[in-house]
Amino acid sequence: WRVILYRVEPQRSVRVSIREGDRFSIKYGASGKILSAFTFTDDSVFDEIRENLWAESYGERDPETASVSVPVFGIGGILQGAITLSGPRERFTPKSIRSILGTLFQSAIHSTKELGGDYSRLVEARQKLGG
């Protein structure tokens, strides 16, 4: 299971309805993929996610939503969590995902740094996207 620890609620009336404390299967969604990729490191199905340091999901948990997620690491490269942005599926275009990932990577870099982790791979992954 994965647990929502922190959530920022948008001011718009159209939003993904999840709350802090909600639990979801680790099998679905972008954050579930990130958590799985860095927890089940012997599973080759997550190789691309481990290489690129991000995951996306379209309608896996809810048919009308999409999400993009990046990992946060602590000391020793140990996964501490995932930072995820989710919203209406039609708003997640290839162009918007690049912008979203730039912001998510910046947050993950800052969080990893604050937790004492090595954030150099996150910087490299962000640069690969052109950000």
Side-chain angles (χ1 to χ4, degrees):
W1 292 98
R2 57 189 166 108
V3 179
I4 308 303
L5 297 179
Y6 181 75
R7 167 130 174 98
V8 176
E9 198 62 48
Q11 296 300 313
R12 301 177 142 208
S13 59
V14 175
R15 61 184 99 184
V16 176
S17 181
I18 58 175
R19 296 174 307 276
E20 291 176 10
D22 281 353
R23 294 174 181 258
F24 299 102
S25 172
I26 198 168
K27 295 179 181 181
Y28 305 106
S31 55
K33 291 176 185 178
I34 289 291
L35 298 174
S36 294
F38 293 95
T39 301
F40 308 115
T41 56
D42 59 340
D43 192 336
S44 63
V45 76
F46 300 114
D47 285 350
E48 186 175 352
I49 293 169
R50 283 189 289 270
E51 180 181 331
N52 295 327
L53 298 181
W54 65 277
E56 61 190 335
S57 170
Y58 294 92
E60 290 177 21
R61 192 185 59 78
D62 176 295
E64 296 179 18
T65 62
S67 59
V68 179
S69 188
V70 298
V72 173
F73 301 104
I75 295 171
I78 297 172
L79 180 71
Q80 297 298 302
I83 297 177
T84 306
L85 182 69
S86 61
R89 191 174 176 161
E90 65 272 1
R91 293 187 184 162
F92 283 69
T93 64
K95 183 178 179 181
S96 70
I97 286 177
R98 289 180 71 82
S99 177
I100 291 166
L101 280 169
T103 302
L104 289 178
F105 273 122
Q106 193 58 42
S107 295
I109 289 163
H110 177 75
S111 298
T112 296
K113 183 178 180 180
E114 290 297 314
L115 292 169
D118 179 1
Y119 55 91
S120 61
R121 284 191 59 217
L122 292 164
V123 170
E124 290 171 14
R126 183 169 190 238
Q127 289 172 340
K128 274 177 53 177
L129 294 169

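- Hydrophobic cluster membership differs between I78 and F40, with clusters built from Ile, Leu, Val, Met, Phe, Trp and Tyr side chains linked at under 4.5 angstrom.
- When hydrophobic clusters are built by joining Ile, Leu, Val, Met, Phe, Trp and Tyr residues whose side-chain heavy atoms come closer than 4.5 Å, directly or via intermediates, V70 is grouped together with Y58.
- With respect to K33 and E56, no salt bridge is recorded, no charged nitrogen being found less than 4.0 Å from a carboxylate O.
- Rounded to the nearest 0.5 Å, atoms CG (L85) and CZ (R91) are 10.5 Å apart.
- In this structure, the side chain of S99 does not engage the main chain of S96 through any donor-acceptor pair within 3.5 Å.
- Counting only distance, with no hydrogens or angles, the side chain of E60 and the backbone of G29 share a donor-acceptor pair below 3.5 Å.
- Once rounded to the nearest 0.5 Å, the distance linking OG of S86 with CG of D62 reads 9.5 Å.
- Between the side chain of K113 and the main chain of Y119, no donor-acceptor pair closer than 3.5 Å is present.
- Of all the heavy atoms in S67 and F92, the pair that sits closest is CA-CE2, 4.0 Å.
- To the nearest 0.5 Å, atom CG of residue L53 and atom CD1 of residue I34 are 7.5 Å apart.
- Here the closest non-hydrogen pair linking A125 and F105 is CB-CZ, 3.6 Å.
- T112 places a side-chain N or O within donor-acceptor distance of the main-chain N or O of F73, the cut-off being under 3.5 Å.
- Judged by distance alone, the side chain of N52 and the main-chain N or O of W54 form no donor-acceptor pair under 3.5 Å.
- Taking 4.5 Å as the limit, every side-chain heavy atom of L79 sits out of range of all side-chain heavy atoms of V72.
- No side-chain heavy atom of V68 sits under 4.5 Å from any side-chain heavy atom of T84.
- Atom CG of residue L122 and atom OG of residue S111 lie 9.5 Å apart, to the nearest 0.5 angstrom.
- Here the closest non-hydrogen pair linking I49 and A55 is CD1-CB, 4.0 Å.
- Considering CG of L129 and CG of L104, their distance stands at 10.5 Å, rounded to 0.5 Å.
- Here the closest non-hydrogen pair linking G59 and R89 is CA-NH1, 3.8 Å.
- Annotation: salt bridge (Lys or Arg N to Asp or Glu O under 4.0 Å) contacts involving residues 45-54, sequence neighbours excluded, comprise D47-R50.
- The CZ atom of R61 sits 8.5 Å away from atom OG of S57, with the distance rounded to the nearest 0.5 Å.
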